[in-house]
Each structure stands twice: as C-alpha cells, then as structure tokens.
Amino acid sequence: MLLFISKRIGQTVPVVLLVSFFVFFVINVIPGDPTLTVLGEFATPEQREIARQQYGFDRPMFVQYVDWLTRTLSGDLGRSLHSNERVWAMLVDRLPVSLELSALALTIALLIGLPCGILAALRRGTTVDTLIGMFSAIALGVPYFWLGVLLILLFAIVFNLLPPSGYVPFTESPVENLKLMILPALTVGLHVAPLIIRQTRASVLQVLSHDYVRTAHAKGLPWSAIVRKHILRNALIPVLTLVGLQLGNMLGGAIVTETIFSTPGLGSLIVAAVSTRDFPVVQSGIFLIVLLVIFVNLITDILYAYVDPRIRQLLIV
Amino acid sequence: MGTGAAEKTSAPGVGAEPRLVRDLFQHRQGAVGTVLALGLVLMAVLAPLLSPFDPQHVNVEKILEPPSATHWLGTDELGRDIASRIIFGGRVTLQVVAGAVALSLMAGAVLGFIAAYLGRFWDALIMRVIDALLAIPPLILALAIVAALGPNLFYTILAIALAKLGMFARLVRGEVLSLKSMEFVEAARAAGASNTRIAFKHIWPNAAGNVIVFSAVVASSALLIESALNFLGLGAQPPTPSWGVMISTGMQHWTLWWMSIFPGFAIFLAILAFNLLGDALRDIMDRRLLDVGRL
C-alpha cells in the first residue's frame, strides 16, 4: 500500500507543476497594463514605472513564474491589487464557506443519488426505474444557476420559507447558517445527484449479474442481506471514485452558485476579482481550487486502492 | 482474425449512414433529442423570420410587461421582447457551442493523433499536459481564460475549446492506439502507404464515429459553460441577446418571474437535447459494436 501511495504521489507532482504553469501563464496573458488596476487611469508614466518595479511586472514572465511558485509554496501569495489585503488571508477567510457548501451539497447529492440509483437498479424496467431515469435526465439538463433562481423564486419569494441570500457563520448561529446554506447546497447537490444516480444504478446492475449474487440467492440468504452485504459493498466502489471526481464539478458549480446567493466563498471572491482584474487573487484562488481537486482525486485513488487491491496491483506493476 | 479489417471498418463509422437516422428515431430518447436539437438549429437559422420583434428594439412604453398576446413571454427592463431575444439568443449560443466543439475537436484530435501515432516522448509529453489541463475544472479554466483575455464571444469560444480539448485528445489517442495495431493498418503500411495516407485514409475514418458521438456529449457541457460565463457577465456583452445574461438581469427583478424563467427554460431544453442525443448515439454505437462482436 505504501508503494502505491508513493507512486501515486509521484504522479501527482508533475501534474501540480504543470497546472501551476497553466494558471500563471493564462492569467498573465492579460493584455494591457496591470498597473491600471493598482493606480487607475490617471497615474503618470513615472508612477506606473515605480509600480511595475514594485510588483515585479518589469521582469521576464518565466522569472515572475518561478518567483510566484516559490512564494506560493512558502505561503506568500502577495497582496490584492484592489484592496491591498494579503491574498492568503482572503482565501483562508473564504475557504471554509466553500468547503461547507461543497460538504452540504455532497450530502444532499448522496442522500438523493444513492437510494434512487439502488432502487432504479433493483426495480429495473419498472415504472420506478423509468421515473428515476426521467428525473436524472431532467436534472442533468437544468443549469445550476437557473435552478438557484428557481429555488429562490419558490422558497423565498412565493412561499417565504427561507431567506433568498446572505451568510451567517456556523459558529455564530448554526440555525441561521443552515437556513442560508440550504438553497445554495440544494442547487449544487441537485446538479450532482443525477450523476450519482446513474453511476450507482449501473454499478448495482453490473454486480447483480455476478455469480456470487446468484450463489447467495441460491443458498437461501434473505434478499435484504444479499443487497446489504454482497451488492452494495461491491457496487459502491465506483461510486466513491465518481464522488471524488465530482468535487471539481461542485467547486465549479459553487463559483456561480455563491454569486447567486451572495455566499462569501472562494467562488464569489474569484468572480469579483475577475471583474476588477485583481489577478493575484484570481490566480491564487484558481490555483487553490485546482490543488483541492487534485488532492481529493489523490485521496479518492488511495481509498479506491485500499478497498480494491486489484487497482493497487495495476499501478505498482 | 482475417476479417478484422472489415469488422473495424464497418463497425463504428457513423459517416453518412442513413441507418443512423433511422436508429435515432427508433430510440425513444434519441427521437426526442433529435427533434429538440433540430428545432433549436431551425430556430437559430430562421431567427429573423420567427422572431416577432427586433430583439434589440427598446420600447420605453412597454417596460417589464408580463406575458401577453402581443409579447408572448413578456418584455424586459428596456421594453424589449423576451421571446425575440430568446430566439436570437439561441443563435449566439449555438454559434459559440458549435465553434467551441469544432475547435476543441480539431485541436484535441490533432494532439491525440500525434500522441498515439508518434508514441514514446511525444505521447508522454502531450498526455501529461492533457492530464494537467483535465485536472482543472472546465468552468474554472474557462473563467481564468476569459478573465485574462476579457469578455468577448471569440474568447468564450477559445476558453471553452481549451477547457474541452483534453477530453477529445484522450478519446482520439485511445482510438488511434487500438486502430494502429489492427491488420488493415499493417496491410496498408506493408503496401507502402505513407504515414499521412494511413492517418487520413485508414485510421481517422474509423475513429471519427466515436469522436462525433462524443461531440454531442461535449456540446451539452459546452453549452452549460457558455451560459454560466454569460450569466457571470463574462461572455456575450449587451446589447447582444444571450440566455445567461437574460437570467442574471432577471435576478435584479425577482418578482418579475418571466424575465429569468423563460431564458432558463431555453437553456434547459438545449442541454436536454444534447444530453438525450449523446446518450442515444452512445447506445446505438454500443449496440452496433455488440452486433459486430456476435458475428
């Protein structure tokens, strides 16, 4: 297992380096003068030159990249061009909100996805299966930002059950926090649920066709025990991978969702930074999200290899 | 084994087979998806004929009107007809999606082809870059590119294409790797065919079927990214009619439900069309491969 983990980490390092390279170069392609954001339109050429030297914009791009990477890895992400706040502090402030949103969204997606997927597979070809299939086809087509708007219209405007937007930290008031987070979490969760339904249904159907299920049935084991002990344990392994892979999808969805519900997470910070062309924030925010995605994928792979030794062998060989 | 070439050449190619159209209409989801997608394309092409009003015509006397016999889907904050803006918005969306899918398909196919065909160093280099590209969630990558280049339709196409080309590169690489070891390719090589001829005459026609099927799947996620970027104000700029922008404008007038409901429904139908079409095409291709396997 240790050999697998070290090999998998070894594969991750070049990906992280390449991603950092992409993120830096994509953001620094920004045409125009970056000192415009810092000094505004009316600064003199001399003032611009000083700002260029101060922020290091006058150095070759590759030197700027190496400097940025070294500083980033040591935790120094620079300062916002807009507010002059430390970027690291801004990200650390927003990260827990996005993680809470993702965790709640994942819980909702699993609470809907797993039972529906299992039920659809066990009742294959029946009306239940068709209805669940229709639900997942429709839910997959609904754009999450529109779903967010629909949920606000329904629960906040028409029925006046929940507040439409805003945020209260969990530590301040858990009830208020959940009231404000439930709609954004539903928005992201309902977007991911159909993918979990489809994967669970396919995995359960595949396991159902295996000989050991037939054997368990033949030896008189009750159906509930077969489902619990033989089918679910094996069928849920691929679902675990999908859940890991969906984290990127959820964080991507959270960018838009946070903007709709005025949730102060990483996503809304990045969107606001894009509109003010505050590229140290955009660059570090995007890099942090990608690092999170890569980290979760790594953990998912390790967990997958832990529960299924065949995967471990594949990479080691 | 001896029939390998015939099997492969006859198996996945979508080409211009009329059978595909028949299969699509016999597949329940495929029929719905095809009708919806055709409707969308027709709406975009015939927009000037179908649209009841000029989508950019400002009418201060008709501001924020609910749906009525004159304005079926109501009017917006500038008195513009929402139905007409949805019809013309479809045109913009389809242009972006078609451009992004075509660009990512071409770039991805070239990279996948080079990686699989040249192998060794080039394969390792290209695929590591693709892995890194795929590690970035597509919407976030597109957002970074648009943030860098500025909001503009062409940059939106470029951003979505870059976010999606990795998937095409992986698919084409896989297809080419399996095809290049097949007997008909070895036979062509033995007969003295050049690498270019083998690539374009023998390998690509056989790989194209799955790539085209995959395009429908990519189109639906491209559409989602396009409308998300527009929603965030980073795609089409006013006064160009755009579904995503219409929803975000509607959010400033919560009680006026028609402003955000109808454009959102248009995005939903378009994504549903490509999802159903993609699923159906995949089903049909899988079934054909199974049929070939049984021969």
Side-chain angles (χ1 to χ4, degrees), chain A residues 11-12 14-23 25-32 133 137-138 140-150 152-153 156-158 164 191 247-253 255-256 259-260 267 270-271 273-275 277 279 282-283 285-286 289-291 293-294 297, chain B residues 29 32-33 36 128-151 159 162 220-221 223-225 227-234 243-244 247-248 250-251 254-255 257 259-261 263-276 279:
Chain A
Q11 284 179 344
T12 306
V15 173
V16 170
L17 280 175
L18 276 168
V19 164
S20 71
F21 189 78
F22 276 150
V23 171
F25 279 91
V26 161
I27 300 298
N28 285 278
V29 168
I30 294 179
I138 290 171
L140 265 181
V142 176
Y144 38 82
F145 45 93
W146 187 53
L147 184 63
V149 171
L150 290 180
I152 292 179
L153 277 173
I157 311 288
V158 178
H191 184 66
L247 184 91
N249 203 352
M250 280 193 280
L251 286 169
I255 282 201
V256 186
T259 310
I260 300 171
I270 294 172
V271 171
V274 166
S275 54
R277 298 174 80 76
F279 63 85
V282 178
Q283 195 165 278
I286 288 178
I289 289 184
V290 179
L291 279 186
V293 172
I294 293 175
N297 286 347
Chain B
Q29 286 188 349
V32 177
L36 280 175
R128 289 300 77 74
V129 172
I130 296 295
D131 283 348
L133 207 58
L134 287 172
I136 309 176
L139 178 61
I140 293 174
L141 180 62
L143 188 80
I145 295 165
V146 174
L149 298 172
L162 261 174
S220 84
S221 56
L223 206 148
L224 191 62
I225 299 175
S227 41
L229 288 174
N230 286 339
F231 177 80
L232 294 171
L234 298 170
W243 296 343
I247 298 180
S248 73
M251 277 178 61
W254 278 117
T255 47
W257 55 271
M259 285 186 68
S260 43
I261 293 271
F265 193 66
I267 301 177
F268 162 69
L269 283 182
I271 293 178
L272 189 69
F274 288 122
N275 276 346
L276 292 177
D279 283 356

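So that the names make sense, note that chain A is the first sequence line, chain B the second, and so on, each numbered from 1. Every heavy atom of this structure was used, including side-chain atoms; hydrogens, water molecules and symmetry mates were not.
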| request: Can you tell which part of B:Ser220 gets under 4.5 Å to a heavy atom of chain A, answering side chain, backbone, both or neither? | output: neither
| task | Among the options B:Leu269, B:Ile261, B:Leu272, pick out the one with the most heavy-atom pairs lying under 4.5 Å from chain A. | result | B:Ile261
| message | Report which part of B:Phe274 has an atom under 4.5 Å of a heavy atom belonging to chain A: side chain, backbone, both, or neither. | response | neither
| Options A:Ile138, A:Asn297, A:Leu17, ranked by heavy-atom pairs under 4.5 Å with chain B, top entry | A:Ile138
| task | Go through the steps for A:Leu153 and B:Ser260 under the test side chain to side chain contact (heavy atoms under 4.5 Å, CB included), then give the verdict. | result | CA-CA 10 Å; A:Leu153 277 173; B:Ser260 43; 4.3 Å; yes
| query | Which heavy-atom pair separates B:Ala144 from A:Ile286 by the least distance, and what is that distance? | reply | CB-CD1, 3.4 Å
| said: Does atom CZ (B:Phe265) have a neighbourhood of more than 12 heavy atoms from anything else shown, all under 6.0 Å? | reply: no
| field | Between B:Leu276, B:Asp131, B:Asp279, B:Thr255, the one whose heavy-atom pairs under 4.5 Å with chain A are most numerous | value | B:Asp279
| field | Portion of B:Leu234 that has a non-hydrogen atom of chain A nearer than 4.5 angstrom | value | side chain
| Working for side chain to side chain contact (heavy atoms under 4.5 Å, CB included), residues A:Val293 and B:Ile140 | CA-CA 11 Å; A:Val293 172; B:Ile140 293 174; over 6 Å; no
| field | Side chain / backbone / both / neither for B:Ile225 at chain A, heavy atoms under 4.5 Å | value | neither
| field | Interface moiety of A:Pro143 toward chain B, non-hydrogen atoms closer than 4.5 Å | value | both
| field | Pairwise side-chain contact, B:Phe231 with A:Val256, heavy-atom cut-off 4.5 Å (strictly under) | value | yes
| message | If you define the side chain from C-beta out and look only at heavy atoms, does anything of B:Leu224 sit under 4.5 Å from A:His191? | response | yes
| query | What residue among B:Ile267, B:Leu232, B:Asn230 forms side chain to side chain contact (heavy atoms under 4.5 Å, CB included) with A:Phe145? | reply | B:Ile267
| field | Closest-packed option against chain B by number of heavy-atom pairs under 4.5 Å, given A:Ile270, A:Ile294, A:Ile255, A:Val149 | value | A:Val149
| Of B:Val129, B:Leu141, B:Ile145, which meets side chain to side chain contact (heavy atoms under 4.5 Å, CB included) against A:Phe22? | B:Val129
| note | In terms of heavy-atom pairs under 4.5 Å with chain B, the winner among A:Val16, A:Ile260, A:Val142, A:Leu147 is A:Ile260
